[in-house]
Amino acid sequence: MTALDPGVLDAFDQHQRRAISLLGQITGELAVGLSEVDVDELIREKALAAGFDRWFHPPEIRIGPRAADDKIRPRPSSKARIQAGDPVVLSLAPASSEAFGEVGTTVVLDADEPALLGVARECTRGCVGYASHLKTVGEIFVFAKAWAVNHRLTLSNPRSIGHRLLPKNGTLRDHDYPHTAHFATWLRRHQVHFLNPSRVDGMWMMRPLLSDGNFAASFAEVVYINGDEKRVLGRDSLDEIGTF
């Protein structure tokens, strides 16, 4: 894959920074008693106010035990409500017609952070730190799975822990971007899975979902690799990963 045009890369970096800021606003307004539907409405309201007019994929909200369910983006539930100490897993991908961001976090309210969250945060940092043009995409998946096993946890998204971010070019330019890019990432060659032999090249979102059998936690970040060049989009350092 050839290097991205600097203007395109900067656009994705700025969208990622805005998405991170948006997620920080959302987590600051979460409260015990809110339902997944309430949180979904809050996210959409804040996203519009932040200048995002579309989504790469709809907001994903999983509260409590629902976070460990392997269903792909279940519809928000009006019955699932935030309780003190239960993980709230969020994944946002706000977009414009030119680019999008993709970021996720897990938080708990009115309780100390459980060890699960720390392990999940460090797993994402580890995946991003491990990524390079010398590694294959499948090796990143193996790294995440080994991380989970070494901490006596399981990987709750065994089909794929992430995907490539596709810019607006080629056939994607003339259609409903970024929805076309979202559909394209369902192709296995664009997913972070065990059998992907491609080198880590371009923009990749990584989001291993770790579970202890009752609850789950994940953090989503985007890394760009072009030869020896490496950037964590939206961040100034690896240490900022998973912080909002």
Salt-bridge present (Arg17, Asp236; N to O < 4.0 Å): yes

Evaluate the criterion side-chain hydrogen bond (donor to acceptor under 3.5 Å, both in side chains) for residue pair His57 and Glu102; output intermediate values, then yes/no. CA-CA 9 Å; His57 67 69; Glu102 190 158 15; 3.1 Å; yes

Answer whether the closest heavy-atom distance between the side chains of Trp204 and Val222 falls below 4.5 Å. no

If you round to the nearest 0.5 Å, how far is CH2 of Trp147 from OH of Tyr130? 12.5 Å

Quick check on the hydrophobic clustering: are Phe183 and Leu187 connected, directly or via other members, by side-chain heavy-atom contacts under 4.5 Å? no

Of the non-hydrogen atoms in Leu90 and Val39, which two are nearest, and what is the gap between them? CD2-CG1, 4.1 Å

Tell me whether the guanidinium CZ or amine NZ of Arg18 lies under 6.0 angstrom from the six-membered ring centre of Phe52 and within 45° of its axis. yes

With no hydrogens and no angle check, is any side-chain donor or acceptor of His15 less than 3.5 Å from a backbone partner on Gly101? no

For residues Val108 and Pro114, determine if any side-chain heavy atom of one lies less than 4.5 Å from a side-chain heavy atom of the other. yes

Option from Arg62, Arg66, Arg81 for which salt bridge (charged side-chain N to carboxylate O under 4.0 Å, His left out) with Glu36 holds: Arg66

Minimal heavy-atom distance between Ala184 and Leu166, with the atoms involved, is CB-CD1, 3.5 Å

Would you name the heavy atoms of Ala217 and Leu117 that are closest together and state the gap between them? CB-CD1, 4.0 Å

Contact list for residues 208-223, test salt bridge (Lys or Arg N to Asp or Glu O under 4.0 Å), sequence neighbours left out: Glu221-Arg235

Determine yes or no for a side-chain-to-main-chain donor-acceptor pair under 3.5 angstrom, with Lys230 supplying the side chain and Val128 the backbone. yes

Are the side chain of Gln16 and the backbone N or O of Val103 linked by a donor-acceptor pair below 3.5 Å? no

Can you check ring-ring contact (aromatic ring centres under 6.0 Å, His included) on Phe56 and His163, steps first, answer last? CA-CA 12 Å; Phe56 173 71; His163 59 80; 5.5 Å; yes

Inter- and intrachain pairs under side chain to side chain donor-acceptor pair (under 3.5 Å), touching residues 106-118, at least two apart: Glu113-Arg121

Could you tell me whether Arg75 and Glu60 have a side-chain N and a carboxylate O separated by less than 4.0 Å? no

Side-chain heavy atoms under 4.5 angstrom apart, residues restricted to Ile, Leu, Val, Met, Phe, Trp, Tyr: same cluster for Phe215 and Leu210? yes

Side chain to side chain contact (heavy atoms under 4.5 Å, CB included) for His133 and Val200? Distances and angles first, verdict last. CA-CA 5 Å; His133 71 287; Val200 182; over 6 Å; no

Nearest 0.5 angstrom please: Ser218 OG to Asn157 CG, how far? 7.5 Å

If only atom types and distance count, is the side chain of Thr27 paired as donor or acceptor with the main-chain N or O of Leu23 below 3.5 Å? yes

So, do Met203 and Phe12 sit near enough that their side-chain heavy atoms are less than 4.5 Å apart? yes

Main-chain N/O of Trp186 paired with Gln191 side-chain donor or acceptor, under 3.5 Å: yes

Minimum heavy-atom separation for Ile161 and Cys127, please, with both atom names. CD1-SG, 4.4 Å

Enter the distance from Ser77:OG to Asp40:CG here, rounded to the nearest 0.5 Å. 11.5 Å

Taking Glu122 first and then Arg125, would you say they form a salt bridge - that is, a charged N and a carboxylate O separated by under 4.0 Å? yes

One should read off an interatomic distance between Leu34 CG and Ile82 CD1, to the nearest 0.5 angstrom, of 5.0 Å

According to a 4.5 Å side-chain heavy-atom criterion applied to Ile, Leu, Val, Met, Phe, Trp and Tyr, with indirect links allowed, do Leu233 and Val8 form part of one hydrophobic cluster? yes

Before giving the answer on side chain to side chain contact (heavy atoms under 4.5 Å, CB included), spell out for Trp55 and Arg44 the whole-Å C-alpha distance, their side-chain angles and the decisive distance to 0.1 Å. CA-CA 10 Å; Trp55 297 90; Arg44 293 176 183 276; 3.6 Å; yes

Indicate, with yes or no, if Val32 and Leu30 share a hydrophobic cluster defined by side-chain heavy-atom contacts under 4.5 Å among Ile, Leu, Val, Met, Phe, Trp and Tyr. yes

For Ser35, does its backbone N or O pair with a side-chain atom of Asp38 as donor and acceptor, under 3.5 Å? yes

Apply the test side chain to side chain contact (heavy atoms under 4.5 Å, CB included) to residues Val89 and Ile61: give CA-CA distance (whole Å), side-chain angles for both, the deciding distance (0.1 Å), then the verdict. CA-CA 6 Å; Val89 181; Ile61 307 105; over 6 Å; no

Taking C-beta and beyond as the side chain, do Pro65 and Asn214 meet within less than 4.5 Å on heavy atoms? no

Between Glu29 and Lys46, is there a side-chain N and carboxylate O pair less than 4.0 Å apart? yes

Shortest non-hydrogen pair, Arg54 vs Ser96, comes out as CD-O, 3.4 Å

Do you know the tightest heavy-atom contact between Val37 and Pro76? CG2-O, 3.7 Å

So, Tyr224 side chain and Leu4 main chain: donor-acceptor pair closer than 3.5 Å or not? yes

Side-chain touch Ser211/Leu153, heavy atoms, less than 4.5 angstrom: no

Please report the interatomic distance CD1(Ile63) to CG(Asp86), rounded to the nearest 0.5 Å. 9.0 Å

Side chains of Thr105 and Val88, heavy atoms from C-beta outward: is any pair under 4.5 Å? no

Taking Ser132 for its side chain and Leu134 for its backbone only, find out whether a donor-acceptor pair lies under 3.5 Å. yes

With sequence neighbours left out, what residues match Lys145 under side chain to side chain donor-acceptor pair (under 3.5 Å)? none

Criterion side chain to side chain contact (heavy atoms under 4.5 Å, CB included) on Tyr177 and Phe100, from CA distance to verdict: CA-CA 10 Å; Tyr177 189 84; Phe100 57 92; 3.5 Å; yes

Checking Asn196 side chain against Arg189 main chain: does a donor-acceptor pair fall under 3.5 Å? yes

Donor-acceptor pair, distance only, cut-off 3.5 Å: does the side chain of Ser160 make one with the backbone of His193? no

Between Val232 and Val137, is there a shared hydrophobic cluster once you connect ILVMFWY residues whose side-chain heavy atoms come closer than 4.5 Å? yes

Donor-acceptor side-chain pairing of Thr136 and Arg199 below 3.5 angstrom: no

The reported gap from CZ in Phe143 to SG in Cys123 (rounded to nearest 0.5 angstrom) is 6.5 Å

